[in-house]
Each structure stands twice: as structure tokens, then as C-alpha cells.
Amino acid sequence: MEKNSKWYSSMVVRKEPLLIELDEADKVEKESSYKIAGAALRKKPEDFPTVSEPVLMRHYHRLARWNYSWDDGLYPLGSCTMKYNPVINESIASDSSFVSLHPALPDEATQGALEIIWDVQNMLSQIIDLPGLSLTPAAGAHGELAGVFMMKKYFEKKGQKRTKVLVPDSAHGTNPASAAMAGYSIVNVPSNSSGLTDLEALASLADEECAALMITNPNTLGLFETEIVKIKEILENRGILLYMDGANLNAILDKVSFGKMGVDITQLNLHKTFSTPHGGGGPGQGAIGCSERLMDFLPSPLVEKNEQGQYRNITPENSIGPIKGWSGHFGNILRAWVYLKSYGNEIHKVAERAVLNANYMKKKLSPFLEKVGVSANMHEVVFNQKTLQAKGATTMNFAKALLDRGFYAPTVYFPLHVNGAIMVEPSESESKGEMDTFIAAVEDIFKELESSDQKITASPHNTYVKKIDEVGAARNPVLKW
Ligand SMILES: *Cc1c(COP(=O)(O)O)cnc(C)c1O
């Protein structure tokens with residue numbers, strides 16, 4: 001591919017030294033005029049970099065330009081739901097009346113904030129049709145862990161010792177991790193040829209030592225578990241709880257009833273479906289919902305409205321206790337509130353558009369890549385690497401070749417049970433135009449694979465950092481500072 005072809009970004013990037021290296025070139029006198037008394041004062045200033053503000057500003061600005069964000073273009077990272085985060089969320093979440101609110105203030109002084117938490121609890125509970133809801137967990141995996149603690153306490157109260165958790169191979173990786181962290185051993189349930197949970201295998205593995213099935217629905221192939229009611233029957237007969245990972249809610253938002261599916265515990269990722277900037281370690285929000293029989297075990301605090309119309313933080317009687325400081329990430333609860341209020345009764349349209357977009361991608365990419373699973377797709381689509389391998393390339397080459405064409409790569413090599421998985425999730429935020437540009441990039445990659453001059457196996461060519469020796473980097477890390 002020519003450097004100046006239509007895919008190449010004209011942005012000039014240059015080598016960026018570390019701040020400590022910039023320090024050498026741009027030494028600023030270290031001032032020790034701080035008024036710190038006695039023992040707290042350093043004898044000798046630490047050797048921190050001390051560059052001037054303009055140098056610092058340019059350093060971070062240049063680094064930021066190496067990055068790729070949603071605002072640059074399509075961000076098709078499957079399972080992550082990288083959708084547009086409306087600016088109004090940010091503007092309201094940064095309003096000083098919220099930002100300066102201290103969580104230690106008494107309930108009487110924070111009625112407005114508590115009302116927002118209460119409102120989000122209720123709206124989400126109504127959307128998923130489950131009576132219990134807590135907003136305190138800090139992320140999806142944290143919500144899972146809290147949910148597993150709840151089921152543990154539930155069985156302890158019943159005096160039942162259950163040591164295993166069933167996890168289908170199409171579950172998100174955090175599901176077995178959360179169950180294992182809480183001390184359960186994991187029983188793997190295979191998928192059938194449609195990419196859904198194998199009911200026969202489930203029936204033979206589900207015994208009275210199992211506390212729960214942790215199923216991701218829609219699963220990590222982007223497929224809805226159509227037999228969920230039968231799955232529930234198998235579990236219920238043996239006293240096993242149904243934990244349904246609801247992080248993929250974007251596909252089924254306000255379209256299905258978790259209650260009617262028989263879900264006992266679920267976690268929703270508000271930072272995904274209800275739009276909060278996430279990834280790169282930003283704070284998340286992993287609300288948990290539960291059925292009647294588990295409500296009493298929810299983490300504290302919950303917000304309740306009393307008969308006088310006042311909002312109060314309360315602790316359920318058998319609560320697993322607090323799992324996060326105060327009410328959790330209030331800023332993200334606030335963003336979810338704005339998002340929910342903006343859509344109102346039209347929120348189901350999010351799911352409709354997300355599913356339509358994923359199926360458009362599936363249809364248009366199918367001439368190039370082989371789709372995994374025969375069932376209808378929800379909000380994402382997973383391909384394997386067979387057609388790439390037939391031309392001597394891999395999923396990794398494909399991902400890097402997309403970077404050359406100015407896109408972020410899809411999620412790759414996940415789920416693990418797929419040969420070189422490529423997981424594409426456009427979300428509802430993408431326009432047809434942007435998706436068509438992405439599809440044209442994929443077409444271009446396959447055209448290059450046909451040519452005698454195959455450059456994709458050496459991709460990326462257009463990024464500042466070229467092909468990385470990943471094994472070498474892991475075995476012989478060269479740490480600069
Ligand atoms: C993203 C995701 C998780 C984990 O959520 P985090 O907020 O990253 O901890 C769990 N399950 C599914 C299905 C997910 O997509």
C-alpha cells in the first residue's frame with residue numbers, strides 16, 4: 001500500500017521522549033520555596049522531571065494524538081460497546097452542584113442526589129423487570145463478584161453447601177473469574193453447533209453441588225440464548241440459581257423481561273449501555289439486579305423513598321455489606337440518568353438500531369470472512385480466521401491492516417473457543433456511511449491478500465509504532481525508567 005493512498009492518515013507523528021528525557025533538554029530550576037515544616041520537608045528534592053508548562057502541554061498533546069478514540073472514527077471493539085457518549089451527559093456530570101457534593105453529607109442535605117440514584121434504581125428495575133437493584137458496584141466484573149457473594153450468602157442462610165458454578169464456554173471471561181475469586185470451582189458447559197448452550201450437557205452437569213449457572217446472554221458470539229426458559233427449568237429443579245451476565249444489554253434493552261426468563265441475579269454495565277466514557281481504566285458502573293428471593297442480600301447502601309417522600313440510604317437485613325465507598329460512582333449513575341431521561345419511552349430503539357447495524361456488518365462482511373454460529377445475530381458478530389488462513393494470513397495481520405487504514409481493530413482472539421475470533425460491534429451510534437467505509441477497508445485488505453505483493457502480513461505500516469515482537473517484548477522487556 002502506498003503511503004499516500006486514501007487510507008493513510010496525513011497526521012505527522014514524531015518520536016516522543018519520556019518526560020524524564022525531556023527534562024534533560026528543558027531543565028527548569030527546581031524551586032524549594034514550599035512552606036512545609038520540619039520532618040515533612042525533603043532534605044533533597046526528588047529527581048522528578050521539571051519541564052515548563054508549554055513543554056508538558058505539548059508532550060501530552062502529542063501522546064494523545066497517537067491514540068485512537070471513538071471521536072476519530074468507527075471503534076468496532078466487540079463485547080465492549082464503544083458507543084457515542086452524548087456531550088450532555090458530560091456537561092451535567094461536571095456541573096459544580098454535583099461535583100462539589102461530598103458523599104459524607106447527611107441524607108437530608110443530599111435529597112436531590114439520592115433522588116437521582118433512586119430514580120435510576122427504579123428505571124433500570126423496570127427496564128429489566130426484576131424487583132431488586134443496586135448501583136454500588138464499580139464495573140461489570142465487580143458487579144459479578146458482588147452477585148456471586150450474594151448467592152453465596154443466600155445458600156449459607158439456607159444451610160446448603162454448594163461448591164461449584166456452571167459456566168458455558170460462550171460466557172464472558174470475567175464470569176468464571178468472578179466465581180473462582182469467591183471460592184467456587186468452575187464446571188465448563190460446552191456450546192452446541194448453533195453456538196448456544198448445549199442443554200443435554202447442562203442437564204448432565206447440573207447437580208446439587210452447583211450454586212448457579214453464570215450465563216452471558218446475549219452470549220459472546222452475539223447470539224441470544226433462545227432456550228433460556230428451558231435452561232431455567234433444568235436449574236430450578238435442582239435448586240440452582242440463574243446468574244445472567246447482562247453486560248450485553250445493548251442488544252435487548254427494553255425488549256425482554258429478565259423476570260420472565262427466571263433470572264435470579266444479573267449485572268448491567270452502565271458504562272457500556274448507558275454511555276459513560278470507558279476503556280483505558282476509566283471508572284465503570286456495574287449495577288446488579290435480582291429476583292425477590294435475593295433482594296435481601298443486595299450490597300449496601302440502597303436508596304429508599306419513605307412515606308413522607310424523603311430519600312434515605314438503607315441497608316437490607318442480610319446485605320453482603322458495602323462493596324464500594326458510599327453510593328458507588330455517582331458521576332456515572334448521573335450520566336445513566338441523563339441518558340435514560342433523554343430517550344424516555346423510546347429507549348428500545350437503541351437495541352433495534354444496534355442489532356440492525358451489527359446485522360448490516362454481518363451481511364456486508366460475509367463475502368470476506370466466515371461467520372461463527374448459525375443463529376441470528378444480536379448486537380455483534382463473530383468471524384473466524386479461516387478465509388485469512390487460506391491466504392497465508394492471520395487474525396492479527398488483519399487487525400493490524402485495519403490500523404493501516406485508519407480504523408481501530410475489532411476485538412480479536414476472543415471468545416477463546418473460536419479459531420482466531422474477530423468480533424465486530426458497531427453499536428447503534430454508527431452511520432451507514434462510516435460502516436461502509438470500514439467495509440471498504442476490509443474489502444481492500446482482501447484485495448491485497450490476492451495480490452502478489454502481500455503487505456498485510458507485515459502490517460502495520462502507517463502507524464508510528466510498527467510491528468511489535470510480542471514474544472520478545474514479554475520475554476526480554478527493556479524497561480526505560
Ligand atoms: C464488558 C463485559 C464484562 C466486564 O465488564 P467490566 O466493566 O469490564 O468489568 C462482563 N461481561 C460481559 C458480557 C461484558 O461484555
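All of these numbers come straight from a predicted model, not from anything done at the bench. Just so you know, residue 1 is the first one in the sequence shown, and it goes up from there. Read the numbers this way: they start at 1 and go in the same order the structure lists the ligands and their atoms.
Taking the six-membered ring for Trp and thresholds of 30 and 60 degrees, Phe98 and Phe330 have ring planes inclined between 30 and 60 degrees apart. Between Tyr75 and Tyr408, the ring planes are parallel. Angles under 30° get that label, and only those over 60° would be called perpendicular.
Residue contacts with ligand 1, taken as heavy atom pairs separated by less than 4.0 Å, involve Asn248 solely via side-chain atoms from C-beta onward. In Asn269, the part holding a heavy atom less than 4.0 Å from any atom of ligand 1 is the side chain.
Side-chain contact annotation: Asn397 with Ser459, donor-acceptor N/O pair under 3.5 Å absent.
For atom 15 (O) of ligand 1, the closest non-hydrogen atom of the protein is Lys272 NZ, 2.6 Å.
Here the shortest heavy-atom distance to atom 6 (P) of ligand 1, taken over Pro218, Gly140, Pro283, belongs to Gly140.
Contact between His142 and ligand 1 is absent, with no heavy atom of the residue lying under 4.0 Å from the ligand. Assignment of Gly286 to the shell around ligand 1 is not supported, since no heavy atom sits closer than 4.0 Å. No heavy atom of His278 sits closer than 4.0 Å to any atom of ligand 1.
Looking at ligand 1, you won't find any N or O of Asn175 less than 3.5 Å from one of its N or O atoms. For the pair Ala141 and ligand 1, the shortest N or O to N or O distance falls below 3.5 Å.
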Apply side-chain hydrogen bond (donor to acceptor under 3.5 Å, both in side chains) to the pair Ser79 and Glu425, showing each step before the final yes or no. CA-CA 7 Å; Ser79 186; Glu425 178 179 11; over 6 Å; no

